[in-house]
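Per chain, numbering begins at 1; letters A, B, ... match sequence-line order.
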There are 2 protein chains.
Amino acid sequence: MADSTDGHSAAAVAFLLAQLGEHAAAKFAERIHPLQLTPAHAGILRLVAVQPGCSQQALARTLGALPSKVVTLVDDLQQRGLIERRRNPDDRRLHALHLTTAGTELLRKVRAAAESHGADLTRALDPQQRDNLAALLGCIAADQHLHPGIHPGYQRLRR
Amino acid sequence: MADSTDGHSAAAVAFLLAQLGEHAAAKFAERIHPLQLTPAHAGILRLVAVQPGCSQQALARTLGALPSKVVTLVDDLQQRGLIERRRNPDDRRLHALHLTTAGTELLRKVRAAAESHGADLTRALDPQQRDNLAALLGCIAADQHLHPGIHPGYQRLRR
DNA sequence: TATGAATCATTCGAGAATCGAACAATGTGG
DNA sequence: CCACATTGTTCGATTCTCGAATGATTCATA
């Protein structure tokens, strides 16, 4: 049966997760800062690459973000020529989002930064340990109903 | 030698960490919300319990937070009778911080909430997996020079 | 077909949060 | 005695964030 340190151990894991998560997010933000991107921008870029032609409303629903926030993020990316708003002839209310070639190019650099970031973050582990960690984290993520590839940071804060 | 999926796998771990970290932090904030505390308040409470009589400046240095932010947090806690500012006769510039009995009482509830939160977060793992996860996370935390028990969320954002 | 309701993108103002530069009080060293 | 550092605090300015409007468009339905 479980011993008396279980509660403590679980709490320690939870704190380590919060601590390392914040650290990982901050380090990643540093990595893409030279690209003049925030993590929020990078997430939009990635999602538009995965679902070309999606609407901003769909994006907001997927991310759990406010539509008005998506507007400003897409504004930034469009102004820099990384993303396109195309009118959809079938439903002229919505804007179909597409990456430009510059956007695709920059996303490649974001991916490279993410891999470099991941390698640096996990450099203390050997490949087997890293796979083991990935599996354990995947278990928790699935159990907690986290959507793969969706960072909760977009979600509006409840009060 | 490492195969070509290494970079991808490491990036996936980094993203999972950021994702789960944000999730864990949000869930913990929900847990202590009924106690009218934010995670930042709870951290101050815990640190004052560990280092009774510490000054606010020392607190700010330990947390990497702005002194002015510590002031407002301590203000809140003092106003609720959870913490005391005692004048130090030896150096009357600084305020020695101490928990009141109500503060100690509330910290107990915070700890209970943290354990309950940890148990819920890691319920998908058996005890052995949980210990394994704790060890792996501890490796990374040590390698990345994270201070035990200090959440990076206090640190002022660089720009 | 006509008309009210719903959806999409966007704007905008109010409120909150955050920073860092001041400031007074106190201590330290010359 | 004087200059300088430290502690705690205040405060104004900047930035962030939310959600309620708005206009354009589409849908539902009578």
Side-chain angles (χ1 to χ4, degrees), chain A residues 22 25-26 29 33 36-44 47-48 51-79 83-98 151-159, chain B residues 22 25-26 29 33 36-44 47-48 51-79 83-98 151-159:
Chain A
E22 183 79 23
H33 185 250
Q36 310 277 23
L37 286 179
T38 68
H41 289 123
I44 298 274
L47 225 55
V48 172
Q51 301 185 359
C54 68
S55 74
Q56 299 180 189
Q57 203 73 218
L59 222 52
R61 272 192 297 270
T62 301
L63 297 171
L66 289 172
S68 56
K69 170 158 258 184
V70 174
V71 168
T72 64
L73 289 172
V74 172
D75 276 350
D76 297 339
L77 296 173
Q78 186 188 32
Q79 194 166 4
I83 225 174
E84 267 185 359
R85 283 176 162 115
R86 294 190 197 156
R87 277 286 173 200
N88 185 342
D90 296 343
D91 188 341
R92 290 168 44 206
R93 289 173 299 181
L94 52 80
H95 284 157
L97 302 179
H98 293 269
H151 195 285
Y154 287 96
Q155 287 163 26
R156 52 178 159 285
L157 319 173
R158 39 222 162 255
R159 49 189 52 177
Chain B
E22 183 80 23
H33 186 251
Q36 310 277 22
L37 287 178
T38 67
H41 289 122
I44 298 275
L47 225 55
V48 172
Q51 302 185 359
C54 68
S55 73
Q56 299 180 190
Q57 204 72 220
L59 221 53
R61 271 191 298 268
T62 301
L63 297 171
L66 289 173
S68 56
K69 170 158 258 182
V70 174
V71 168
T72 64
L73 289 172
V74 172
D75 276 350
D76 297 340
L77 295 172
Q78 185 187 33
Q79 195 166 6
I83 226 173
E84 267 184 0
R85 282 176 164 116
R86 294 189 197 157
R87 277 288 174 198
N88 186 340
D90 296 343
D91 187 342
R92 290 169 46 206
R93 286 174 301 179
L94 52 82
H95 284 157
L97 301 179
H98 294 270
H151 195 286
Y154 287 97
Q155 287 163 25
R156 51 179 161 286
L157 319 173
R158 38 218 163 262
R159 49 189 52 178

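In this structure, B:Lys69 does not pair ionically with B:Asp75, as no charged nitrogen and carboxylate oxygen lie closer than 4.0 Å.
B:Gly153 and A:Glu22 get closest at one heavy-atom pair: N-CG, 4.0 Å. Contact detail for B:Pro67 and B:Gln57: the closest heavy-atom pair is CG-OE1, 3.6 Å. Of all heavy-atom pairs between A:Ile44 and A:Tyr154, the closest is N-OH, 3.6 Å. Minimum interatomic distance between B:Ala58 and B:Ser55 (heavy atoms only, all atoms of both residues): N-OG, 3.1 Å.
A:Arg87 places a side-chain N or O within 3.5 Å of a backbone atom of A:Arg92 that can act as its donor or acceptor partner.
Per the geometry, NE2 belonging to A:His95 stands 13 Å off P belonging to D:dA24, to the nearest Å. In this entry the distance linking CG of A:Asp76 with P of C:dT10 reads 12 Å, nearest Å. What separates CG of B:Leu66 from P of C:dA22 is a distance of 16 Å, to the nearest Å. What separates CD of A:Gln79 from P of C:dT10 is a distance of 13 Å, to the nearest Å. Rounded to whole Å, the distance from CD on B:Gln78 to P on D:dG8 is 13 Å. Put simply, CG on A:Leu73 is 14 Å from C1' on C:dT10, counting in whole angstrom units. D:dG8 atom C1' lies 11 Å from atom CG of B:Leu97, rounded to whole Å.
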Scan nucleotides 11-17 of chain C nucleotide by nucleotide, 5' to 3', and note B when protein non-hydrogen atoms come under 4.0 Å of the base, S if they reach only the sugar-phosphate, - if neither. B------
How would nucleotides 25-30 of chain C be written as a contact map, 5' to 3', with B for base contact, S for sugar-phosphate-only contact and - for no contact, using protein heavy atoms under 4.0 Å? -BS---
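Proximity of residues 51-59 of chain A to DNA chain D (heavy atom under 4.0 angstrom from any strand atom) is not detected for any residue.
Distance check, rounded to the nearest 0.5 Å: NE2 of B:His98 to SG of B:Cys54 gives 8.5 Å. A:Thr38 OG1 to A:His33 NE2: the interatomic distance, rounded to the nearest 0.5 Å, is 10.0 Å. Note: A:Leu77 CG to A:Glu84 CD = 12.5 Å, rounded to the nearest 0.5 Å.
Using a 4.0 Å cut-off, some side-chain N or O of B:Arg61 falls inside it from OP1 or OP2 of D:dT7.
A heavy-atom distance below 4.5 Å is found between the side chains of A:Gln56 and A:Val74.
A donor-acceptor contact under 3.5 angstrom links the side chains of A:His41 and A:Asp76, judged on distance only.
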